[in-house]
*Asks:* 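Here it is: the structure, laid out below.
Order of the sequence lines fixes the chain letters, A, B, ..., with proteins taken first and strands second; residue numbering starts at 1 for each chain. Atoms considered below: every heavy atom in the structure, side chains included; atoms not considered: hydrogens, waters and symmetry mates.
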Amino acid sequence: MTEKKKKLVLVDGSSVAFRSFYGLMNLDSFRNKNGLHTNALFAFNNILERIFQTEEPTHMLVAFDSGKTTFRNELYGNYKGGRDSMPSEMAEQWPYFSVLVRAFGGKTYELVNYEADDIIGTFSRLADQAGYDVVIISGDKDMTQLVTDNIRVDITVKGVSELKSYTPETIREEYGLEPLQIIDMKGLMGDPSDNYPGVTKVGEKTALKLLAEYGSIENLYGHVEEMKKSKLKENLINDKDNAFLSKTLATIDLDSPVTLSLDDLAVEGKNIDQLVEFYREMDFNGFLSKLGVESEDRSESFEEIHFETLTEIKPEHFSDRMSLYVEMLEDNYHEGTIIALSWGADGQIYTASLETVLASAAFKKWAEDEAMEKVVYDGKRTTVMLHYVGIELRGVIFDILLASYILNTKDNSKDLAEVAQEYGYNDVSYDETVYGKGAKQAVPEDAVLHDHLARKAKAIRSLYAQLNTELADNVQKDLYYDIELPLSFVLARMEIKGIKVDPERLLKMKEEFAGRLIEIEKSVYAEAGEEFNINSPKQLGVILFEKMGYPVIKKTKTGYSTAVDVLEKLQAQAPIVEHILNYRQLAKLQSTYVEGLLKYIRPETGKIHTRYLQTLTQTGRLSSVDPNLQNIPIRMEEGRKIRQAFVPQKEGWKIFASDYSQIELRVLAHISGDEHLREAFIEGQDIHTSTAMRVFGVDKPEDVTSNLRRQAKAVNFGVVYGISDYGLSQNLNITRRAAQEFIDKYFDKYPGVKRFMEDIVKEAKENGYVETLFHRRRYLPDIDNRNFNLRSFAERTAINSPIQGTAADIIKVAMVQMEKALEEKGLQANMLLQVHDELIFECPAEEIPILAKLVPEVMEHAVALSVPMKVDSNYGDSWYEAK
DNA sequence: GAGATCACG
DNA sequence: ACGTACGTGATCTCT
């Protein structure tokens with residue numbers, strides 16, 4: 001047996017610790033019982049776990065910077081000068097990083113006068129020479145200078161959740177440089193974060209260009225006089241000293257006087273006792289459970305809970321304002337099975353099996369009694385689950401999950417324990433701990449199960465007052481009580497009602513598509529000269545760009561892009577592309593819509609019951625799953641025919657649909673107050689034509705060509721998305737410069753919109769969040785991030801969220817009112833679907849004239865804006881015909 | 001489980 | 001200089 005090759009993992013402890021800290025900036029939610037912040041330790045633990053799992057190192061070292069000054073300060077006094085001191089939230093965690101590493105069985109090391117980089121550089125060289133495989137993990141790209149055939153460098157991206165690997169090949173690909181030339185690049189660029197200058201006005205692009213030509217700083221300066229006169233040449237000459245100094249500073253010392261040998265770095269294996277102790281100290285209960293010690297230890301640390309598991313339920317087991325929890329492991333409550341239930345109030349908690357509950361009249365009576373108020377966790381889910389066992393839940397006055405989502409859209413876990421912990425309540429286990437996950441998921445013995453459910457019932461009841469107060473503090477009680485909570489029950493009824501889908505229609509399409517797919521496949525193979533999997537972008541890329549030699553237009557992380565916009569650019573020169581596009585379109589329809597939907601038709605009723613996720617999106621929109629009925633094709637006629645399968649539930653009934661016209665732009669007109677945008681809506685103009693006239697200086701609407709209108713439409717969309725020149729240029733296939741001109745023109749003509757955009761970003765910076773008209777919040781922690789990408793994204797989000805979110809608020813109000821109106825008028829019509837700005841109903845044919853008046857009436861006046869709302873309606877024998 | 005692609009607003 | 005349009009979900013391939 002050959003010995004396994006030795007593998008050394010070197011972690012840049014200081015840099016990864018900081019990345020952990022800033023990557024998981026949710027400071028408030030990561031504190032242990034003593035108030036110590038633990039966010040960075042939590043993230044650091046994750047990365048250590050991943051290292052041991054994926055790399056399986058035989059040797060390992062985590063290096064830390066030591067002290068304030070190093071030999072580099074002797075070369076350059078200002079080295080790393082001007083840095084803010086470590087935030088106190090980080091400083092208090094600092095001593096624990098090495099404790100954690102040692103518990104994992106790894107070594108830590110620091111060396112006076114040297115940085116972590118130098119320790120790592122030195123050991124990587126030693127290990128490379130000794131024939132080890134070496135992996136370096138850091139948040140600092142400078143490390144890539146250490147890459148060799150045996151040394152790989154992984155740099156953290158997105159906090160620490162992702163790593164990007166650098167090998168000699170990837171460095172050549174990305175920079176066109178050999179690893180050692182990274183030092184020259186840094187020399188020319190300098191490093192603002194380490195506070196040393198390079199050559200004035202030289203950034204990455206220029207540095208790469210220079211190195212492509214001259215190879216190194218030394219050679220560059222050997223030939224600098226031969227360069228033709230330019231600002232660049234001047235700067236290079238002036239800053240020569242800087243360039244050489246900063247190259248020296250950027251060079252990692254491969255020969256630092258380390259006092260350990262490679263053998264000292266051998267991995268010792270996890271010290272479970274130390275890990276358990278550490279996790280307990282930090283309150284990392286999730287990690288404890290992964291060690292398999294959680295359940296006993298954790299429940300020991302729990303307060304004892306008093307509850308009764310009933311085998312016979314009587315009226316005295318109920319009182320007003322109790323919590324209610326119904327347990328089911330499946331996500332999809334339309335087809336899952338209830339395991340058991342729990343309910344109660346202070347000092348009076350009960351649990352019972354489903355069988356026991358169904359055998360008693362008392363439970364049903366209490367559950368259905370509107371006057372008996374209940375607090376729940378996920379009211380919609382609870383309502384639907386109980387409906388399927390013949391109980392119509394009423395009297396729900398508070399939903400913890402829904403409230404938590406309103407308070408912070410990020411706090412929306414389906415596991416009650418996670419949300420509870422967010423609010424400082426820890427006396428309840430995670431579902432994963434109790435039930436396990438994946439293939440190992442199972443219901444535990446009754447004692448454990450009922451204890452878990454009793455704790456949930458207690459948690460729900462305890463959290464109610466706290467969340468209610470926070471809603472009041474945030475001025476969100478109206479949003480919660482008048483919109484979201486009533487809506488959850490409207491949605492429950494829509495889901496339960498379901499929509500009828502004609503399987504015959506879909507089966508016909510399936511057959512037709514199958515035949516055509518085979519034909520198209522043949523054409524593709526004929527053009528390509530071989531058979532391959534057209535569904536594989538990887539294989540398709542090889543055929544298109546290697547075998548057939550078409551020009552590469554765009555690349556993805558993993559290879560060639562074969563997305564539509566790329567293929568369309570090839571269409572003129574590549575006959576195969578037409579077939580591929582046809583294939584893609586049909587394959588999508590076939591797998592996602594024809595076959596996909598058929599799977600969801602319930603044979604007993606012929607209906608599909610989607611689930612709306614009310615606590616998922618960051619803007620307040622709904623989403624739809626299992627199946628998604630909010631993305632049924634409409635843009636292409638071929639796909640639109642799918643809608644022919646969506647029909648009314650009864651003979652002689654019709655499908656009726658109403659949609660808001662331009663709701664987001666109307667919302668923008670309202671909240672920005674821009675007079676020109678408002679005027680266009682008040683006067684009932686076509687908004688894109690009106691924008692075209694103003695932006696392109698056209699006097700009469702009839703002179704706006706379809707092309708101008710199309711461009712204006714793209715600009716309008718761009719505005720709603722938080723416009724950027726690049727985004728618009730991509731969308732319109734024009735130059736960035738032209739796009740920027742459009743944008744400038746637009747802002748010139750719609751100054752109110754411009755002001756809104758500036759103000760809302762300012763507001764986000766001041767408050768840390770933005771709001772809709774109804775005070776729905778979205779927190780934007782990245783709004784001040786030093787990373788340009790993250791910050792820009794947060795800024796665009798600050799612009800878009802109040803617009804998209806207010807539109808979502810409006811249709812939600814309309815839905816609540818709509819259901820009430822249908823009820824009051826005693827109509828048979830059912831509201832079935834919501835697709836962001838439209839509502840779809842079914843009704844007897846004779847009710848069509850009533851709906852045609854009632855629905856737009858309700859939708860248009862659900863909310864009064866400073867511009868009118870407009871709603872268009874249609875109806876027919878299927879969803880397809882309601883267009 | 002992630003990435004690419006494509007369906008919708 | 002940076003590298004992008006905003007919000008979603010399902011399916012397929014591939015590691």
*Asks:* So, is A:R796 close to the C:dA5 phosphate, meaning a side-chain N or O under 4.0 Å from OP1 or OP2?
*Replies:* no
*Asks:* So A:I799, base contact, sugar-phosphate only, or nothing? Heavy-atom distance under 4.0 Å.
*Replies:* nothing
*Asks:* Just the rounded figure in Å: distance from C1' of B:dC6 to CD of A:E638.
*Replies:* 15 Å
*Asks:* Can you say whether a donor on the side chain of A:R635 sits under 3.5 Å from an acceptor on the base of B:dG9, or the other way round?
*Replies:* yes
*Asks:* State whether the number of non-hydrogen atoms from other residues, nucleotides or ligands found under 6.0 Å of A:K209 atom NZ is greater than 12.
*Replies:* no
*Asks:* Are A:K883 and A:I634 packed together at the side-chain level, in the sense that at least one heavy-atom pair is separated by less than 4.5 angstrom?
*Replies:* no
*Asks:* Classify the nucleic acid contact of A:A207 as base, sugar-phosphate or nothing, counting any heavy atom under 4.0 Å across all strands shown.
*Replies:* nothing
*Asks:* Checking only heavy atoms, does the side chain of A:S623 share a donor-acceptor pair with the base of C:dT8 at less than 3.5 Å?
*Replies:* no
*Asks:* Which listed nucleotide (B:dC6, C:dG7, C:dA5) is nearest to the side chain of A:Y721?
*Replies:* C:dA5
*Asks:* Between A:T562 and B:dT5, is there a side-chain N or O to OP1/OP2 distance below 4.0 Å?
*Replies:* yes
*Asks:* Looking at A:Y612, is its backbone amide N or carbonyl O close enough to the side chain of A:S624 to form a donor-acceptor pair, meaning the two atoms are under 3.5 Å apart?
*Replies:* no
*Asks:* With sugar-phosphate meaning primed atoms plus P, OP1 and OP2, does A:I803 contact a base, only sugar-phosphate, or nothing at under 4.0 Å between heavy atoms?
*Replies:* nothing
*Asks:* From the list C:dT4, B:dA4, C:dT13, which nucleotide is the closest neighbour of the side chain of A:T558?
*Replies:* B:dA4
*Asks:* Taking only side-chain N and O atoms of A:T619, does any of them lie within less than 4.0 angstrom of OP1 or OP2 on C:dC6?
*Replies:* no
*Asks:* Between B:dG9, C:dT4, C:dG9, which nucleotide gets closest to the side-chain atoms of A:Y726?
*Replies:* C:dT4
*Asks:* Touch check for A:I634, heavy atoms < 4.0 angstrom, all strands: base, sugar-phosphate only, or nothing?
*Replies:* sugar-phosphate
*Asks:* As a test of reading the structure: which of B:dG9, B:dA7, C:dC6 is closest to the side chain of A:F793, going by heavy atoms?
*Replies:* C:dC6
*Asks:* Quick check: does any side chain N or O of A:K554 sit under 3.5 Å from a backbone N or O of A:A563, one acting as donor and the other as acceptor?
*Replies:* no
*Asks:* Mind checking A:N535 for me? I need base, sugar-phosphate or nothing, with any heavy atom below 4.0 Å counting as a touch.
*Replies:* sugar-phosphate
*Asks:* Check every strand shown and say whether A:G722 touches a base, only sugar-phosphate, or nothing at a heavy-atom separation below 4.0 Å.
*Replies:* nothing
*Asks:* Report yes or no: does A:D239 contribute a side-chain atom to a donor-acceptor pair with the main-chain N or O of A:N242 at less than 3.5 Å?
*Replies:* no
*Asks:* Of the options B:dC6, B:dA7, C:dA10, whose atoms approach the side-chain atoms of A:N631 most closely?
*Replies:* B:dA7
*Asks:* Given C:dA10, C:dT13, C:dC12, identify the nucleotide with an atom nearest to the side chain of A:D626.
*Replies:* C:dA10
*Asks:* Could you work out which one of C:dT13, C:dC14, C:dA5 sits closest to the side chain of A:N533?
*Replies:* C:dT13
*Asks:* Which nucleotide, if any, forms a Watson-Crick or G-U wobble pair with B:dT5, using both distances under 3.5 Å?
*Replies:* C:dA10
*Asks:* Take atom C1' in B:dC6 and the same atom in C:dC2, then report the distance between them in whole Å.
*Replies:* 29 Å
*Asks:* Mind checking A:I632 for me? I need base, sugar-phosphate or nothing, with any heavy atom below 4.0 Å counting as a touch.
*Replies:* sugar-phosphate
*Asks:* Rounding to an integer number of Å, can you tell me how far A:H836 NE2 sits from C:dT8 P?
*Replies:* 10 Å
*Asks:* Check whether any side-chain N or O of A:Q539 sits under 4.0 Å from OP1 or OP2 of C:dC14, and answer yes or no.
*Replies:* yes
*Asks:* Need the pair for C:dC2. Rule: Watson-Crick or G-U wobble, both distances under 3.5 Å, any strand; none if unpaired.
*Replies:* none
*Asks:* Can you measure A:R776 atom CZ to C:dG7 atom C1' for me and round it to whole angstrom units?
*Replies:* 13 Å
*Asks:* Please report the distance, rounded to the nearest Å, between CG in A:D331 and P in C:dA10.
*Replies:* 11 Å
*Asks:* With no hydrogens and no angle check, do the side chains of A:E432 and A:Q441 hold a donor and an acceptor under 3.5 Å apart?
*Replies:* no
*Asks:* Is A:S801 touching bases, backbone alone, or none of the nucleic acid, heavy atoms closer than 4.0 Å?
*Replies:* nothing
*Asks:* Could you check whether A:Q730 gets within reach of a base, just the sugar-phosphate, or nothing at all, counting any heavy atom under 4.0 Å?
*Replies:* nothing
*Asks:* Expressed in angstrom and rounded to an integer, what is the separation of A:L629 atom CG from C:dG9 atom P?
*Replies:* 13 Å
*Asks:* Can you tell me the distance, in whole Å, between the CG atom of A:L780 and the P atom of C:dC6?
*Replies:* 13 Å
*Asks:* Examine distances only and state if a side-chain atom of A:R666 and a backbone atom of A:S661 form a donor-acceptor pair shorter than 3.5 Å.
*Replies:* yes
*Asks:* Write down the distance between CG (A:L589) and P (B:dT5), rounded to a whole number of angstrom.
*Replies:* 18 Å
*Asks:* What I want to check is whether an N or O donor and acceptor connect the side chain of A:K538 with the base of C:dC14 at under 3.5 Å.
*Replies:* no
*Asks:* Between the side chains of A:Y175 and A:Q181, does any donor sit under 3.5 Å from an acceptor?
*Replies:* no
*Asks:* Could you tell me whether the phosphate oxygens of C:dT4, OP1 or OP2, come under 4.0 Å of any side-chain nitrogen or oxygen in A:S792?
*Replies:* no
*Asks:* Are OP1 or OP2 of C:dG7 and a side-chain N or O of A:R778 less than 4.0 angstrom apart?
*Replies:* yes
*Asks:* B:dA7, C:dG9, C:dC12: which one has an atom nearest the side-chain heavy atoms of A:L613?
*Replies:* C:dG9
*Asks:* Rounding to an integer number of angstrom, what distance separates C:dT4 and B:dT5 when you compare their P atoms?
*Replies:* 14 Å
*Asks:* Please determine if a side-chain N or O atom of A:T206 lies less than 4.0 Å away from the OP1 or OP2 oxygen of C:dA1.
*Replies:* no
*Asks:* For a quick check under 3.5 Å, do A:Q618 and A:T409 share a side-chain donor-acceptor pair by atom type?
*Replies:* yes
*Asks:* What is the distance, to the nearest angstrom, from the CG atom on A:L586 to the C1' atom on C:dC12?
*Replies:* 16 Å
*Asks:* Tell me which nucleotide among C:dA10, B:dC8, C:dT4 gets nearest to the side chain of A:R736.
*Replies:* C:dT4
*Asks:* Mind checking if A:V720 touches a base, just sugar-phosphate, or nothing, with heavy atoms under 4.0 Å?
*Replies:* nothing
*Asks:* Can you figure out which of C:dG7, B:dT5, C:dT4 approaches the side chain of A:D725 most closely?
*Replies:* C:dT4
*Asks:* Assuming nearest nucleotide by heavy-atom distance, tell me which of A:G718 and A:T617 is located more 5' along DNA chain C.
*Replies:* A:G718
*Asks:* Which part of the nucleic acid does A:N628 contact within heavy-atom distance under 4.0 Å: base, sugar-phosphate only, or nothing?
*Replies:* sugar-phosphate
